[in-house]
S.K.: 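Structure incoming, see below.
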Amino acid sequence: MSASPVSELSAAVERAVSAVGGDGLAVGLERPADPGHGDYATAIALQLAKPLRSAPRDIAGRIAAELESEFIESVEIAGPGFLNLRVTPSWHRHAVGRVLEQGSRYGAGAIAAPGRIQVEYVSGNPTGPVTVATARNAAYGDSLARLFEFAGHDVGREYYFNDAGRQIDLFGESLKARAAGAEPPEDGYQGAYVADVAAELGLGPDADVAAWARAGTDAMIGRIRTTLARFRCSFDTWFLERSLYETGAVQRAIDRVRAEGHVYDADGAVWLRSSALGDDKDRVLVRSDGSFTYVAGDLAYITDKLERGFDTAVYVLGADHHGYIGRLKAAAQALGYDPARVDVQIYQLVRLREGKMSKRAGRIVTLDDLLDAIGVDAARYALVQRGHDQPIDLDIDLLTAQNAENPVYYCQYAHARIAAILRRADGGEAAEPDPSWRPEPAEAELVKALAGFPGLVAEAAERRGPHRLAGYAQDTAKAFHQFYKQCQVIGVEPPVERSRLALCRATAQVMRTALDLVGVDAPESM
RNA sequence: GGGGGCGUAGCUCAGGGGAUAGAGCAGCAGCCUUCUAAGCUGACGGUCGCAGGUUCGAAUCCUGCCGCCCCCGCCA
């Protein structure tokens, strides 16, 4: 990982901090809300007051005296002991040059400790289409995988099809009933798509339920894959639960935890003593009728994942599955793995507010319907822009009728505007701003926005929060639009024009990267 | 009853120990003879659910309470 423009500044502060006795401390630089407080600020002197047993302002003064960097123009001690830094024009030039030099890799590799990490996401039953509720899983999981990969992890993306068990049997029964013109079972699948699939399969009325189930799930898997590809979600592997039973992996996993002493028999069933491993209760592995439970499949599946070499297995699950956390970690531990290698990310549920439009068009429940209504870009953005532990309300009216006001277009518009400028400039851009460049405030703000990208990527990856990228894209777009309004690019003095063109190219690059990480296109024109 | 998540502007939500708490939308007032007005500028809008605690400093951490959502199956 190469140093980012901001980390070069904080490294200089860290050297000064070490010199006054704060050895090895990481210094966080933040951008003050008040421009009077400089370009970057740190409260490190306040934090050092206690360990150094000195007054914060004195410490700040000593740090300031030790501070040496070609990129820092001035240091000021303010308030209770803040250090306010102002950067030099050469830093702005350097920062823009850094973006252009690294191109699409700018901000990449930001993570401190890269590893092999699997992201398992969506994983809906192959008994129905991808719904809007599941779409949040898809948008979040895919963006998280993109973010991990960009930040430096070796990522595997997997979809786990629960193509075994009672739900699948019910699906088969429902299909067969529809094919015969009858109603599906009471607790079967009622959706209109069931009849479509049944007709499409063309199985004879005498085909058995298992054949219907098998053909039906195969058909649904095909549909799901098509929808997800449209939603720009990619998977490296499509894992079938039934394969775990077919290969005997489930039985082997049960034998393994039994050998470890985590299993007991009661009421004719086989139980996992998960309550001793942090779960809130024991779990049945083999029912009294001899059939395996879903938990038994989990044991085999975790084994399979971790034995494939992943350091961490991330599960992306909806809030209604939060009880899974304890169960999965207990399962991992029972198998002898460090439960920390199982990383469950829970996202809160999507509530769909149906407005006038959706009433007219019928209930919008599937992802395909949502995409038909608002397009992939708006849908991806809407579903990842909020923190995953925050419940979200989707107002279809707002997303469609007011789509011109949607933040995604604001971001895309910034990129399109830059593209227009670059088209006009016709390739005369420099690789770096001119040495004489003295950025105006709007330019300096834009540079600082770009400079913050690598740090943001690292933080977003660490916190598993790709929504940060959406917010970042919006902030950067705002900085660009303000720059655009205040600073003419084409036709000003050549050194300034060259510098601004370089800044434009750097901005376009970062916008492309940030938007790509949330699965949104950066158009050349709008 | 037990557990998890969330209460921040009229609405949807960022921010998760630092200075005067932000954005988008809605609404008000302005800005197109220059690179895309899907834009910009200004004003308006807040007891950060409530009450304690920790701290030099709390929207942020801790405890309790209130409210909303979700889970608590030999379903998946």
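Below, chains carry the letters A, B, ... as their sequence lines are ordered, and counting in each starts from 1.
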S.K.: Partner of B:G52 by Watson-Crick or G-U wobble geometry, both contacts under 3.5 Å, or none?
M.R.: B:C62

S.K.: Determine the Euclidean distance between corresponding P atoms of B:U63 and B:C70; express it in Å to zero decimal places.
M.R.: 25 Å

S.K.: Any strand counts, and the cut-off is 3.5 Å on both contacts for Watson-Crick or G-U wobble. Which nucleotide pairs with B:C68?
M.R.: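 Pair assignment: B:C68 / B:G5.
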
S.K.: Which nucleotide, if any, forms a Watson-Crick or G-U wobble pair with B:U33, using both distances under 3.5 Å?
M.R.: none

S.K.: When you check the gap from the basic side-chain N to the acidic O, do A:R31 and A:D39 get nearer than 4.0 Å?
M.R.: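 No salt bridge links A:R31 with A:D39.
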
S.K.: So, is A:K50 near the phosphate of B:C56, with a side-chain N or O under 4.0 Å from OP1 or OP2?
M.R.: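 Affirmative; the distance criterion is met.
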
S.K.: Classify the side chain of A:N84 and the base of B:A19 as holding, or not holding, a donor-acceptor pair under 3.5 Å.
M.R.: yes

S.K.: Can a donor-acceptor pair be found between the side chains of A:Q412 and A:D521 at a distance below 3.5 Å?
M.R.: no

S.K.: Describe the nucleic acid contact of A:D34 in one word from base, sugar-phosphate, nothing, applying a heavy-atom distance below 4.0 Å.
M.R.: base

S.K.: Between A:A41 and A:S525, name the one whose nearest nucleotide on RNA chain B is closer to the 5' end.
M.R.: A:A41

S.K.: Do A:S288 and B:C74 share a donor-acceptor pair, side chain to base, under 3.5 Å?
M.R.: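 Per atom types, the contact qualifies.
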
S.K.: For B:A19, is there a stacking contact with A:F82, counting only centres under 5.5 Å and planes under 30°?
M.R.: yes

S.K.: Searching all strands shown, indicate the nucleotide that pairs with B:C44 (Watson-Crick or G-U wobble; both distances under 3.5 Å).
M.R.: none

S.K.: Are A:R225 and A:W238 in a cation-pi contact, defined as NZ or CZ under 6.0 Å from the six-membered ring centre and within 45° of the axis?
M.R.: yes

S.K.: Taking the nucleotide of RNA chain B with the nearest heavy atom to each, does A:G471 or A:I346 sit closer to the 5' end?
M.R.: A:I346

